[in-house]
Amino acid sequence: MRASQTARGEDPEVVDAILAADERRRGALSEFESLRAEQKVVSRSVGAAMGAFQKAKKAGAADADHLEKAAHHARAQAGELSEQVKSLEADAAQAGAELATLLRRAGNVIIDGVPSGGEDDFAVLETIGQARDFAAEGFEPLDHLAIGERLGAIDMERGAKVGGARFYYLTGVGALLELALLNMAMAQATAAGFTPMITPTLARSDIMHGAGFMDAHAEEVYRLEADDLYLTGTSEVALAGYHADEIIDLTAGPQRYVAWSACYRREAGSHGKDTRGIIRVHQFHKVEMFSYCRPEDAEVEHQRLLDWEREMLAKIEVPYRIIDTAAGDLGGPAARKFDCEAWVPTQGRYRELTSTSNCTTYQARRLNTRERDPNGSGTRTVATLNGTLGTTRWLVAILENHQQADGSVRVPEALRPFLGLDGAGGQRSSTVTSMA
RNA sequence: GGAGGCGUCGCAUAGUGGCCUAGUGCGCCCGCCUGCUAAGCGGGUUGGGGAUAACACCCCUCGCGAGUUCAAAUCUCGCCGCCUCCGCCA
């Protein structure tokens, strides 16, 4: 855990503080519990004494006075104990709260092999596909916004009019293209056995905290003050919360969900970054995979999620690379994260299209999602993982990589059945021009 | 938005301040009995935490959280959820 903190560039001393706090908590708890046990015994005897006294009084027995005295004495003793118990209980509760606060400060323990360092210290695992040579083809590629405007697919100006900067309309073929892409993602995952879902995009505070989105990334989150609700930046929140406080059954293998949802992000820390087009926007749509599995299966499951992402990227036929994100760029919940980044010709670099995280037991621990322990009695925390299968941003890669000299855009083969453009506005689904 | 009702063990229910260490039925698990998918009998069956080599044992848990009390499933307040009726509305 110390090594993990260091690799993330965080304070390893937190670990010692956690151990000390745990020690204090256990001590306080033990003290409280033993006195509490004593209190219960005494308190119960008060009931018996009072009963005996009442009976004697009713019967007019001679020893009634004596019994009354005994009962009052017992009550006084119980009262004293009660005071002490209360104060010990408060101590124990405080020690517990201190531990919880410290634990929240530490990110998930990273998996061996994750590169140390920050945002730029990722390791490239693999590069797939070849970037097109536009010079050889004899034309200068347009960026996704220029293409989108020409096709009547993206309208940033009206987006800004209605929602402000970083809002947009997808119009005509743009709207259809996004639906086609996300529908293809839903279909792929459903065929692979995922349970398809459309999830809430507002979540309560406890779920946001449990999913790990209120720590380092709290600034990214829209909050609805009047209702104390949060707009989620990903359906991961709703999917992680789905089984909160539940004991789930993993005997037949991982439980996998695939969700379509709108996603909302404030982009608080990214002023001036990616201001053109739909690369970085306040609202977009996403299809997300989410898996609950046994901790010992999590790394294998992580590879499976990555494979499903690769399958999707192959379908849209764009060049991309896979990176192993460095520890300092992981975010609190993730123990390892693989991103797939697509080649964006007009930027001459790779941009993130997918991200799959193995959160091991971090989220499930906070959200209290468990399974019956297969190795014995009791329950144990499960592991959670997530991964992207498609987002609005994918349109950037599709538009730029498949643009033609005549200004049209070739639609990848796999996407055509989902586009449903045949006959509509005289379009063929092999290319999109405009909806006119 | 208004009015009312409700939340107890996997399910159904009992429980209106101390004999509740939460009872009963069903389901489930283990055993016994019986020659036959049954019935009967006995035991077990929420979850969390502490303690332990492992047990034993102890504490907490009656939607959640505070409070009153020597003592709370039971009384008070707040929150969450569900149901019924009325109103409003995509």
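Throughout, protein chains are lettered first and strands after them, A, B, ... in sequence-line order, and every chain is numbered starting at 1.
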Asks: For Asp227(A) and C79(B), give me the distance from atom CG to atom P, rounded to whole Å.
Replies: 14 Å
Asks: Sub-3.5 Å donor-acceptor pair from the side chain of Gln5(A) to the main-chain atoms of Glu10(A), do we have one?
Replies: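 Pair absent, no side-chain N/O of Gln5(A) close to backbone of Glu10(A).
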Asks: With a 3.5 Å limit on both atom pairs, tell me what G65(B) is paired to, counting Watson-Crick and G-U wobble, or say none.
Replies: C77(B)
Asks: On a whole-Å scale, what distance lies between the P atoms belonging to U84(B) and C75(B)?
Replies: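 Looking at atom P only, U84(B) and C75(B) are 25 Å apart.
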Asks: Nearest to the side chain of Phe32(A) - C59(B), C70(B), G49(B)?
Replies: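 Of all the options, the side chain of Phe32(A) is nearest to C59(B).
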Asks: Between C58(B), G47(B), C70(B), which one does the side chain of Glu33(A) approach most closely?
Replies: C58(B)
Asks: Between C36(B) and G23(B), how far apart are the C1' atoms? Round to whole Å, please.
Replies: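 Nearest-Å result for G23(B) against C36(B) at atom C1': 37 Å.
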Asks: Please state how far atom CD in Glu31(A) lies from atom P in C58(B), giving the value in whole angstrom units.
Replies: 19 Å
Asks: Please give the distance between the P atoms of A22(B) and U45(B) as a whole number of Å.
Replies: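 Each nucleotide's P atom is 12 Å from the other's.
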Asks: From the options C80(B), G47(B), G50(B), select the nucleotide whose nearest atom is closest to the side chain of Leu29(A).
Replies: G50(B)
Asks: Under 6.0 Å between ring centres, would you say that holds for Tyr292(A) and Phe290(A)?
Replies: yes
Asks: Is there a Watson-Crick or G-U wobble partner for G18(B) with both distances under 3.5 Å, and which nucleotide is it?
Replies: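 Across any shown strand, G18(B) pairs with C70(B).
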Asks: Given that both distances must come in under 3.5 Å, which nucleotide forms a Watson-Crick or G-U wobble pair with A38(B)?
Replies: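 Because no pair has both required distances under 3.5 Å, A38(B) counts as unpaired.
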Asks: Any strand counts, and the cut-off is 3.5 Å on both contacts for Watson-Crick or G-U wobble. Which nucleotide pairs with A51(B)?
Replies: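 The base-pairing partner of A51(B), which may sit in any strand shown, does not exist here.
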Asks: Select from Ser34(A) and Ser30(A) the residue whose nearest nucleotide in RNA chain B is closer to the 5' end of that strand.
Replies: Ser30(A)
Asks: Taking the same atom, C1', in G63(B) and in C6(B), what whole-Å distance lies between them?
Replies: 11 Å
Asks: Expressed as a whole number of angstroms, how long is the span from Glu38(A):CD to C70(B):P?
Replies: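 About 18 Å, once rounded to whole Å.
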Asks: How far, in whole Å, is U74(B) from G17(B) if one measures between their P atoms?
Replies: 11 Å
Asks: In the strands shown, is G4(B) matched to any nucleotide by a Watson-Crick or G-U wobble pair with both distances under 3.5 Å, and which?
Replies: C83(B)
Asks: Can you tell me the distance, in whole Å, between the CG atom of Leu35(A) and the C1' atom of G50(B)?
Replies: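 Atom CG in Leu35(A) sits about 16 Å away from atom C1' in G50(B).
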Asks: Go ahead and name the base partner of C28(B); Watson-Crick or wobble counts if both distances stay under 3.5 Å, otherwise write none.
Replies: G44(B)
Asks: Name the residue closer to the 5' end of RNA chain B, choosing between Ser82(A) and Ala37(A) according to the nucleotide with the nearest heavy atom.
Replies: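 Whichever sits nearer the 5' end wins; that is Ala37(A).
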Asks: What is the distance from CZ of Arg380(A) to P of G47(B), rounded to the nearest Å?
Replies: 16 Å
Asks: Over how many whole Å does the gap from Glu80(A) atom CD to U69(B) atom C1' extend?
Replies: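 In whole Å, U69(B) C1' and Glu80(A) CD are 17 Å from each other.
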Asks: Can you check whether Leu353(A)'s main-chain N or O pairs, donor with acceptor, with Trp394(A)'s side chain at less than 3.5 Å?
Replies: yes
Asks: Do Leu385(A) and Thr356(A) come close enough that some side-chain heavy atom pair is under 4.5 Å?
Replies: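 A side-chain contact is absent here, since even the closest heavy-atom pair is not under 4.5 Å.
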Asks: Considering just the side-chain nitrogens and oxygens of Arg26(A), establish if one lies under 4.0 Å of OP1 or OP2 belonging to A51(B).
Replies: yes
Asks: Side chain of Ile247(A), heavy atoms from C-beta onward: which of C80(B), G47(B), A71(B) has the nearest atom to it?
Replies: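 Comparing C80(B), G47(B), A71(B) against the side chain of Ile247(A), the answer is G47(B).
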Asks: Ignoring backbone atoms, test whether Arg36(A) places a side-chain nitrogen or oxygen under 4.0 Å from the OP1 or OP2 oxygen of A71(B).
Replies: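 Looking at the OP1 and OP2 atoms of A71(B), neither is under 4.0 Å from any side-chain N or O of Arg36(A).
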Asks: Return the nearest nucleotide to the side chain of Arg25(A); candidates are G50(B), G81(B), C70(B).
Replies: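 Within the option list, the nearest is G50(B).
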Asks: Would Glu267(A) and Arg166(A) satisfy salt bridge (Lys or Arg N to Asp or Glu O under 4.0 Å), going step by step from the backbone distance to the final call?
Replies: CA-CA 9 Å; Glu267(A) 296 300 343; Arg166(A) 295 196 195 278; 5.7 Å; no
Asks: Please determine whether the number of non-hydrogen atoms from other residues, nucleotides or ligands lying under 6.0 Å from atom CD of Glu299(A) exceeds 12.
Replies: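 At most 12 heavy atoms, drawn from other residues, nucleotides or ligands, come within 6.0 Å of this atom.
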Asks: Please report, rounded to the nearest Å, how far the P atom of U46(B) is from the CG atom of Asp245(A).
Replies: 19 Å
Asks: Using the C1' atom as the reference point in each nucleotide, state the distance between U16(B) and C82(B) in Å, no decimals.
Replies: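 About 23 Å, rounded to a whole number of Å.
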Asks: Between C19(B) and G25(B), how far apart are the two C1' atoms, rounded to whole Å?
Replies: 23 Å
Asks: Looking at Glu219(A), I'd like to know if its CD atom is crowded, meaning that more than 12 non-hydrogen atoms belonging to other residues, nucleotides or ligands lie closer than 6.0 Å.
Replies: no
Asks: Round to a whole Å and report the spacing from CD1 of Ile207(A) to C1' of G81(B).
Replies: 14 Å
Asks: Please determine, for C33(B), whether a Watson-Crick or G-U wobble partner exists with both distances under 3.5 Å, and give it or none.
Replies: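 For C33(B), the partner nucleotide comes out as none, under the 3.5 Å rule.
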Asks: Take atom P in C80(B) and the same atom in C64(B), then report the distance between them in whole Å.
Replies: 15 Å
Asks: Using purine N1 to pyrimidine N3 plus N6-O4 or O6-N4 for Watson-Crick, or N1-O2 and O6-N3 for G-U wobble, both under 3.5 Å, which nucleotide pairs with C88(B)?
Replies: none
